[in-house]
Amino acid sequence: MRKTSSRLLALLSLLQTHRDWSGEELAGRLDITARTVRRDIDRLRDLGYLITTVKGPGGGYRLAAGTQLPPLLFDDDQAVALAVALRTAATGTGVAEDADRALATLRQVMPPRLRHRIDLVRVTAVPPPEAPDAARVDAQVLRELSRAVHAREELRLDHTPAHGTPTAERRRVQPHHLVTWRDRWYLVAWDLDRDDWRTFRVDRIRPRTPTGPRFTPRALPGGDVATFVTSRFRGNDGTTTDWPCRGAVVLHLPAADVAPFAQDGTVEELGPHHCRLTLGSWSWTGLATALGHFDADLDVVGPPELAAAFAELAARYSRAAGAVTPSRTRTPRPR
């Protein structure tokens, strides 16, 4: 019986690799006869696994999705990865409670050794600070948007802009991707009214029903969604992940003090008290401001646009400093 159980688990593990297996291949991998493979397939079907027969010269089998969730097979690393994902992936959504219940259910059916490994992995997902009126993403909205993306159906939605009037705008879009960026959910879509690509914060979306006609997906600028989203959030046109503005300075600081705060910049050590920092930003003024955060003397390497941005900021800050009325400091009298 133990040998049969082990064999069934090995067979199930092969079927879960999302490909078609012929009877001969399965027999060879498990070192059993084709007749035993057929019997074991029937046993798995009795346990609730929907295994379809693949037609063809050699025949074969495929594990399909069933109407009920049968017992699942995970190795140790998969189980730990699933536990970590459930503890962290729901950040910023309305499904955190469901994720906690799923993790509790998973933990109950695990053997003690595996349960102990999961309990040792203590992960707390800390979301970024939000505005007091920031809304969490509704799980139902995520499901509706996901369905529209999968079905390739035009979507009518109400979208509340980030700034300006609080009145929602009605938009007609072709939804292409749901993505997360820095713990926020976004819908990448082609805006039919503006004839351009747009990214919409999901927590500001209210889908309308019914959905519109089906559409043929357009090619995203940049070739893939990761490139497009990264490019747009860096103030670019969606085709490249490079920053629109990139410059270099020599900071009068050790490289070891700069590197932890350089983000995606590059730091080159020039000596014990100097380093060269190359950094990017969405604008030259933004880049100059970011470099000023290091609170140290610096020399501009280039380009000239960066030096001009520093000059403009210096004049602006000088005017601001001159507009401040010096406050008189009163020395408290001893009592």
Asker: Decide if atom CH2 of W282 counts as having more than 12 heavy atoms of other residues, nucleotides or ligands within a radius under 6.0 Å.
Answerer: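 Open: at most 12 neighbouring heavy atoms sit under 6.0 Å from CH2 of W282.
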
Asker: To the nearest 0.5 Å, what is the distance between OH on Y61 and CZ on R38?
Answerer: 6.0 Å

Asker: Work out which heavy atom in P244 is nearest to a heavy atom in R234; give both atom names and the distance.
Answerer: CD-O, 3.0 Å

Asker: Quick one: pull up CD1 in I51 and CG in L63 and give me the separation to the nearest 0.5 Å.
Answerer: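 I51 atom CD1 to L63 atom CG measures 6.0 Å (nearest 0.5 Å).
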
Asker: With distance as the sole test, does R276 use its side chain to make a donor-acceptor pair with the main-chain N or O of L251 at under 3.5 Å?
Answerer: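 Answer holds: no.
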
Asker: Using the rule that Ile, Leu, Val, Met, Phe, Trp and Tyr join whenever any side-chain heavy atoms are under 4.5 Å apart, tell me whether W243 and L279 fall into a single cluster.
Answerer: no

Asker: Check the orientation of W190 and W197. Use parallel for under 30°, tilted for 30 to 60°, and perpendicular for over 60°.
Answerer: perpendicular

Asker: Considering the options L145, V229, V188, which one meets the side chain to side chain contact (heavy atoms under 4.5 Å, CB included) requirement together with H177?
Answerer: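 Only one of L145, V229, V188 forms a side chain to side chain contact (heavy atoms under 4.5 Å, CB included) with H177, namely V188.
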
Asker: Linking I/L/V/M/F/W/Y whenever any side-chain heavy atoms sit under 4.5 Å apart, do F215 and F200 land together?
Answerer: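 Not linked; separate clusters.
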
Asker: Which pair of heavy atoms, one from A168 and one from T160, lies closest together, and at what distance?
Answerer: CB-OG1, 3.8 Å

Asker: Taking the side chain as every heavy atom from C-beta outward, state whether R218 and Q174 have any atom pair closer than 4.5 Å.
Answerer: yes

Asker: Run V179 and T199 through side chain to side chain contact (heavy atoms under 4.5 Å, CB included) and show every step you take.
Answerer: CA-CA 10 Å; V179 300; T199 55; over 6 Å; no

Asker: Quick check on the hydrophobic clustering: are L178 and Y186 connected, directly or via other members, by side-chain heavy-atom contacts under 4.5 Å?
Answerer: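 L178 does not cluster with Y186.
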
Asker: Which heavy atom in S281 sits nearest to a heavy atom in G286, and how many Å separate them?
Answerer: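 Where S281 meets G286 most closely, the heavy atoms are OG-C, 3.6 Å.
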
Asker: Check step by step if salt bridge (charged side-chain N to carboxylate O under 4.0 Å, His left out) holds for R29 and E25.
Answerer: CA-CA 6 Å; R29 292 291 294 268; E25 287 178 314; over 6 Å; no

Asker: May I have the step-by-step check of side chain to side chain contact (heavy atoms under 4.5 Å, CB included) for L15 and L44, ending in yes or no?
Answerer: CA-CA 11 Å; L15 292 173; L44 290 176; 4.1 Å; yes

Asker: Which pair of heavy atoms, one from T285 and one from A309, lies closest together, and at what distance?
Answerer: N-CB, 4.0 Å

Asker: Ignoring hydrogens and angles, tell me if any N or O in the side chain of W284 forms a donor-acceptor pair with the backbone of C245 under 3.5 Å.
Answerer: no

Asker: Tell me whether H273 at atom NE2 has more than 12 heavy atoms from other residues, nucleotides or ligands lying less than 6.0 Å away.
Answerer: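 12 or below, so no.
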
Asker: Taking D224 for the side chain and A226 for the main chain, is one N or O donor matched with an acceptor at less than 3.5 Å?
Answerer: yes

Asker: Would you say L220 and V225 make side-chain contact, with heavy atoms under 4.5 Å?
Answerer: yes

Asker: Any chance you could measure L12, atom CG, to R43, atom CZ, to the nearest 0.5 Å?
Answerer: 14.0 Å

Asker: To the nearest 0.5 Å, what is the distance between CZ on R171 and CG on L192?
Answerer: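 The distance works out to 10.5 Å.
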
Asker: Indicate, with yes or no, if L313 and L298 share a hydrophobic cluster defined by side-chain heavy-atom contacts under 4.5 Å among Ile, Leu, Val, Met, Phe, Trp and Tyr.
Answerer: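 No; L313 is not reachable from L298 via cluster members.
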
Asker: Is the shortest heavy-atom distance from the side chain of E144 to the side chain of L155 under 4.5 Å?
Answerer: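 Sidechains of L155 and E144: no contact.
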
Asker: Would the distance check show the side chain of S318 and the main-chain N or O of A314 forming a donor-acceptor pair, the cut-off being under 3.5 Å?
Answerer: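 No, S318 side chain to A314 backbone: no donor-acceptor pair under 3.5 Å.
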
Asker: Salt bridge or not for D193 and R198, using N-O below 4.0 Å?
Answerer: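 Answer for the salt bridge query: no.
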
Asker: Is there a side-chain contact between D40 and I32, using heavy atoms and a 4.5 Å cut-off?
Answerer: yes

Asker: Any chance you could lay out the side chain to side chain contact (heavy atoms under 4.5 Å, CB included) test for D138 and D203, step after step, and finish with the verdict?
Answerer: CA-CA 7 Å; D138 191 323; D203 59 293; over 6 Å; no

Asker: Rounded to the nearest 0.5 Å, what separates atom CG in N236 from atom OG in S231?
Answerer: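 OG of S231 is found 4.0 Å from CG of N236.
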
Asker: Please determine whether residues V141 and V149 belong to a single hydrophobic cluster, defined as Ile, Leu, Val, Met, Phe, Trp and Tyr linked transitively by side-chain heavy-atom distances below 4.5 Å.
Answerer: yes

Asker: Step by step, would you call V258 with F294 a side chain to side chain contact (heavy atoms under 4.5 Å, CB included)?
Answerer: CA-CA 8 Å; V258 175; F294 288 94; 3.6 Å; yes

Asker: Would you call R45 and D42 a salt bridge, taking side-chain N to carboxylate O under 4.0 Å as the test?
Answerer: yes

Asker: Please report the closest heavy-atom contact between R214 and A151, naming both atoms and the distance.
Answerer: NH1-O, 2.7 Å

Asker: Just wondering, do H293 and F261 contact through their side chains at under 4.5 Å, heavy atoms?
Answerer: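 With C-beta onward as the side chain, the pair stays apart.
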
Asker: Could you state the interatomic distance from SG (C275) to CG (L270), rounded to the nearest 0.5 Å?
Answerer: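 Those atoms lie 7.0 Å apart.
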
Asker: Do L291 and F310 come within less than 4.5 Å of each other through their side chains, counting heavy atoms only?
Answerer: yes

Asker: For residues H159 and R206, determine if any side-chain heavy atom of one lies less than 4.5 Å from a side-chain heavy atom of the other.
Answerer: no

Asker: Are F228 and H176, when compared by the centres of their aromatic rings, separated by less than 6.0 Å?
Answerer: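 Aromatic pair excluded; centres sit 6.0 Å or further apart.
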
Asker: Compare all side-chain heavy atoms of D191 with those of D196 and state whether any distance is below 4.5 angstrom.
Answerer: no

Asker: Specify the closest pair of heavy atoms between P303 and V300, including all atoms of both residues, with the distance to one decimal.
Answerer: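 Shortest heavy-atom contact: O-CG1, 4.4 Å.
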
Asker: Evaluate D31 against R7 for salt bridge (charged side-chain N to carboxylate O under 4.0 Å, His left out), listing each step before the verdict.
Answerer: CA-CA 10 Å; D31 194 23; R7 192 175 66 242; over 6 Å; no

Asker: Check whether R208 reaches the backbone of D158 with its side chain - one donor and one acceptor, N or O, closer than 3.5 Å.
Answerer: no

Asker: Should E153 and R147 count as an ion pair when the cut-off is N to O under 4.0 Å?
Answerer: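 A salt bridge links E153 with R147.
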
